[in-house]
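Quick notes on the structure that follows.
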Amino acid sequence: MSLTMKIMIAMLLGAVLGVLVNLFLPGDAFVQAYFVDGLFKVVGAIFVASLKMLVVPLVFVSLVGGVTGLGDVKKLGRIGVKALALYLMTTAIAIAIALSLAVLVSPGQGMKVDAGQAAFKAKEPPPLADVIINMVPSNPVQAMAQGEMLQVIVFALLFGVAITLAGERGRHVLNFFNDLDAVIMKMVDFVMELAPVGVFALIARTFATQGIDLVLPLAGYFLVVVGALLIHGLGTYTAVVRLLAGLNPLRFFSKMRPVMLFAFSTSSSSATIPVNLKTVEKRLGVDSSVASFTVPLGATINMDGTAIMQGVATVFIANVYAVHLTMGDYLSVILTATLASIGTAGVPGVGLIMLAMVLAQVGLPVEGIALIVGVDRLLDMMRTTVNVTGDAAVSCAIARSEGALDRAVFDSDGDEAPAAPGHQDTRK
Ligand code: ASP
């Protein structure tokens with residue numbers, strides 16, 4: 001049985017068990033203490049921690065190898081510009097879809113605000129200037145220790161460029177990094193083997209603690225977000241994969257299934273980086289010189305699903321508070337939600353915090369966030385799935401334009417494609 005199949009079955013079993021616990025044993029102290037907050041919590045947390053454990057070493061090592069594999073600094077700049085442009089463009093399209101659908105359906109109209117319910121304390125979003133300054137790490141070790149992904153990326157890029165320019169000595173360092181990359185990829189395999197158990201525990205716990213009763217009053221909002229996620233996930237990415245990457249979208253989605261399942265169950269783009277990077281390189285055929293840069297960058301700044309939630313939430317909250325949004329407001333939502341999604345860290349629930357920035361921009365009460373907190377857990381799982389799929393689709397598009405897409409790997413069948421060429425071995 002393929003790994004994808006195992007994960008899907010585990011997820012299904014977890015969901016069924018979770019729902020049963022939720023329906024029939026909601027207050028059972030034994031089940032809560034030993035399973036929901038015991039076994040499921042421990043196993044799920046260990047699974048997520050072991051994924052996170054690999055993120056910084058893998059991103060750093062593979063990016064150093066990847067940048068050096070480019071062999072040309074100008075090429076790096078070009079890939080960077082393309083990645084930024086495509087990531088921003090897909091996010092803007094995502095919000096435009098979200099806003100259009102939300103305006104069409106108008107969720108939240110006539111809903112009464114319960115004063116007690118609306119008590120959300122917004123955290124201050126960081127000013128944009130700080131976000132930009134913070135991209136350069138003053139201490140790379142600290143950046144790695146704290147998992148500051150943009151800082152790690154910047155340091156790895158500079159390090160890789162320096163290796164390229166350092167001649168013979170640089171090549172020794174590069175060989176070391178390429179070997180290390182292979183070793184860490186093996187560690188990713190270990191964690192992927194754990195996935196069925198980890199996913200089962202995560203999903204069982206989520207469904208055991210998240211009742212459907214929270215969703216019902218917010219069904220309008222919930223369904224509009226899901227609808228926009230589906231339109232963007234299936235429509236926009238199909239177009240990107242087909243038109244820009246020249247690949248078969250069905251095969252793309254089928255090969256992306258394990259990544260999507262990881263994202264769905266962990267709600268974290270960041271924790272999904274190892275699996276996404278491995279899949280994009282080894283199964284979709286994107287050369288690691290492109291993927292090692294675009295995948296971690298995407299996981300950090302490209303959040304189409306998050307932007308969709310923010311767009312729909314803005315319209316929903318405006319409807320609930322009976323605030324009329326002008327065309328200018330909508331444009332400003334597109335702009336701020338794009339920026340907010342860049343600033344959103346790829347960890348669970350942060351999209352909701354960054355929503356405060358969007359609401360403040362159009363003068364909506366930030367307390368409105370309290371209204372949608374109840375369903376955010378489930379929506380987070382779905383939007384994270386869209387977030388990571390977008391990173392992979394854009395990576396394929398960029399790889400094609402750079403001649404770094406190996407169709408033989410993409411077209412090959414099987415759960416695990418034969419090893420892609422990977423980094424050049426410079427020892428020959
Ligand atoms: N959980 C999302 C992610 O990791 C971010 C968010 O929308 O909260 O991609």
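Only heavy atoms go into these numbers, but all of them, side chains included; no hydrogens, no water, no symmetry mates. Counting starts at 1 for both ligands and their atoms, following the listed order. Here, residue 1 is the first one in the sequence, and each next residue gets the next number.
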Q.
Using 30° and 60° as the class boundaries, would you call the ring planes of Phe40 and Phe200 parallel, tilted or perpendicular?
A. perpendicular
Q.
Tell me the protein heavy atom at minimum distance from atom 5 (C) of ligand 1, and give that distance in Å.
A. Val347 O, 3.6 Å
Q) Which value, rounded to the nearest 0.5 Å, describes the distance between Asn302 atom CG and Asn387 atom CG? A) 7.0 Å
**Q.** Numbering as shown, the atoms of ligand 1 that approach Val350 to under 4.0 Å (heavy-atom distance)
**A.** 8 (O)
Q. For the residue pair His232 and Tyr237, does the interplanar ring angle fall in the parallel (under 30°), tilted (30 to 60°) or perpendicular (over 60°) class?
A. perpendicular
Q. Does ligand 1 have a heavy atom under 4.0 Å from the side chain of Leu352, from its backbone, from both, or from neither?
A. neither
Q: Just jot down the ligand 1 atoms closer than 4.0 angstrom to any heavy atom of Ser269, in number order.
A: 3 (C), 4 (O), 9 (O)
Q.
With a heavy-atom distance limit of 4.0 Å, tell me whether Met303 approaches ligand 1 through its side chain, its backbone, both, or neither.
A. side chain
Q.
Taking 4.0 angstrom as the limit and counting only heavy atoms of Ser267, give me the atoms of ligand 1 inside it, by number and element.
A. 1 (N), 4 (O)
Q) Taking all non-hydrogen atoms of both residues, which atom of Gly349 and which atom of Asp376 are closest, and how far apart? A) CA-OD2, 4.3 Å
Q.
As an exercise, identify every atom of ligand 1 less than 4.0 angstrom from a heavy atom of Gly349.
A. 8 (O)
(Q) Quick check on Lys52: does its NZ atom have over 12 non-hydrogen neighbours (other residues, nucleotides or ligands) under 6.0 Å away? (A) no
Q | Aromatic plane relationship, Phe60 with Phe159 - under 30° parallel, 30 to 60° tilted, over 60° perpendicular | A | tilted
Q. Is there a nitrogen or oxygen of Gly346 sitting under 3.5 Å from a nitrogen or oxygen of ligand 1?
A. yes
Q. Any idea which atoms of ligand 1 are less than 4.0 Å away from a heavy-atom of Ser268?
A. 4 (O)
**Q.** Under 4.0 Å to a heavy atom of Asp380 - the qualifying atoms of ligand 1, by number
**A.** 1 (N), 2 (C), 6 (C), 7 (O), 8 (O)
Q: Scan Ile398, Val59, Ile79, Val67 and name whichever one has a side chain to side chain contact (heavy atoms under 4.5 Å, CB included) with Phe293.
A: Ile79
Q) Could you state the interatomic distance from CE (Met185) to CG (Leu277), rounded to the nearest 0.5 Å? A) 4.5 Å
Q | Polar atom proximity, Thr384 to ligand 1 (N or O, under 3.5 Å) | A | yes
Q) Against heavy atoms of Gly351, which atoms of ligand 1 measure under 4.0 Å? A) 6 (C), 7 (O), 8 (O)
**Q.** Sub-4.0 Å atoms of ligand 1 with respect to non-hydrogen atoms of Thr306
**A.** 5 (C), 6 (C), 7 (O)
Q | Distance (rounded to the nearest 0.5 Å) between Met89 CE and Asp304 CG | A | 10.5 Å
